[in-house]
Amino acid sequence: QVQLVESGGGLVQPGGSLRLSCAASGFTFSSYGMSWVRQAPGKGLEWVSTISTGGGDIYYADSVKGRFTISRDNAKNVLYLQMNTLKPEDTAVYYCSKVGSWGQGTHVTVSS
């Protein structure tokens with residue numbers, strides 16, 4: 001079955017960086033667009049970024065544009081999210097997703 005396993009979260013100071021990874025299995029990874037979404041404490045889900053199957057089309061939420069970079073390695077079945085210049089408002093649980101499936105999430109806390 002579809003499995004999406006996120007990793008790379010943690011505690012980081014404002015202005016710092018983290019790279020999230022999502023290991024995918026159980027489906028043909030290269031055939032699906034993939035996304036990152038997040039949920040801040042006490043708030044609803046927020047879409048962060050989407051990447052097309054081959055990586056040629058990429059979209060970002062305005063809140064992360066210029067700071068986050070989504071990428072994928074179809075040979076390794078891994079989705080990435082490089083997060084730079086992190087802000088306290090980036091604190092959230094980050095999930096990778098394909099249509100109809102979600103991972104368990106990885107926690108990101110941005111605090112001094």
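Note that these values count all heavy atoms, side chains included, but never hydrogens, waters or copies made by symmetry.
- Partners of Lys43 by side-chain contact (heavy atoms from CB on, under 4.5 Å), not counting sequence neighbours, listed by chain and number: Ala40.
- Cluster membership for Ile51 and Tyr59, using ILVMFWY side-chain heavy atoms within less than 4.5 angstrom, is not shared.
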message = Let's go through Ser63 and Glu89 carefully: what are the C-alpha distance in whole Å and the side-chain angles of both, what is the deciding distance for side chain to side chain donor-acceptor pair (under 3.5 Å) to 0.1 Å, and is it a yes or a no?
response = CA-CA 9 Å; Ser63 58; Glu89 51 263 44; over 6 Å; no
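- For Arg67, the salt bridge (charged side-chain N to carboxylate O under 4.0 Å, His left out) partners two or more places apart in sequence, or in a different chain, are Asp90.
- Separating the CE atom in Met34 from the OG atom in Ser71 is a distance of 12.0 Å, to the nearest 0.5 Å.
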Table please: side-chain donor-acceptor pairs of residues 74-88 below 3.5 Å, with sequence neighbours left out.
from: Asn74; atom 1: OD1; to: Arg72; atom 2: NE; distance (Å): 2.8
from: Asn74; atom 1: OD1; to: Arg72; atom 2: NH2; distance (Å): 3.3
from: Asn74; atom 1: ND2; to: Thr53; atom 2: O; distance (Å): 3.0
from: Gln82; atom 1: NE2; to: Asn84; atom 2: OD1; distance (Å): 2.9
from: Asn84; atom 1: OD1; to: Ser17; atom 2: OG; distance (Å): 2.9

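- Applying the disulfide bond (SG atoms under 2.5 Å apart) test to pairs two or more places apart or on separate chains, none has a residue in residues 25-56.
- Using a 4.5 Å heavy-atom threshold, the side chains of Ser49 and Lys65 count as separate.
- Applying the salt bridge (charged side-chain N to carboxylate O under 4.0 Å, His left out) rule to pairs touching residues 100-112 yields nothing, sequence neighbours excluded.
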Report, one line per pair, each donor and acceptor closer than 3.5 Å where one atom sits in a side chain of residues 96-112; sequence neighbours left out.
from: Gln104; atom 1: NE2; to: Glu6; atom 2: O; distance (Å): 3.1
from: Thr106; atom 1: OG1; to: Gly9; atom 2: N; distance (Å): 3.0

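- For Asp57, there are no salt bridge (charged side-chain N to carboxylate O under 4.0 Å, His left out) partners, not counting sequence neighbours.
- For the atom pair Ile70 CD1 and Ile58 CD1, the distance stands at 6.5 Å (nearest 0.5 Å).
- Screening residues 82-101 for ring pair (Phe, Tyr, Trp, His ring centres under 6.0 Å), with sequence neighbours left out, gives no hits.
- Hydrophobic clustering, with ILVMFWY side chains joined whenever heavy atoms are under 4.5 angstrom apart, keeps Val64 apart from Val37.
- For residues 23-37, every residue pair satisfying the side chain to side chain donor-acceptor pair (under 3.5 Å) rule, not counting sequence neighbours, is listed here: Ser35-Thr50.
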request  = Kindly determine whether Thr69 and Tyr60 satisfy side chain to side chain contact (heavy atoms under 4.5 Å, CB included), including the steps that lead there.
outcome  = CA-CA 8 Å; Thr69 303; Tyr60 296 102; 3.8 Å; yes
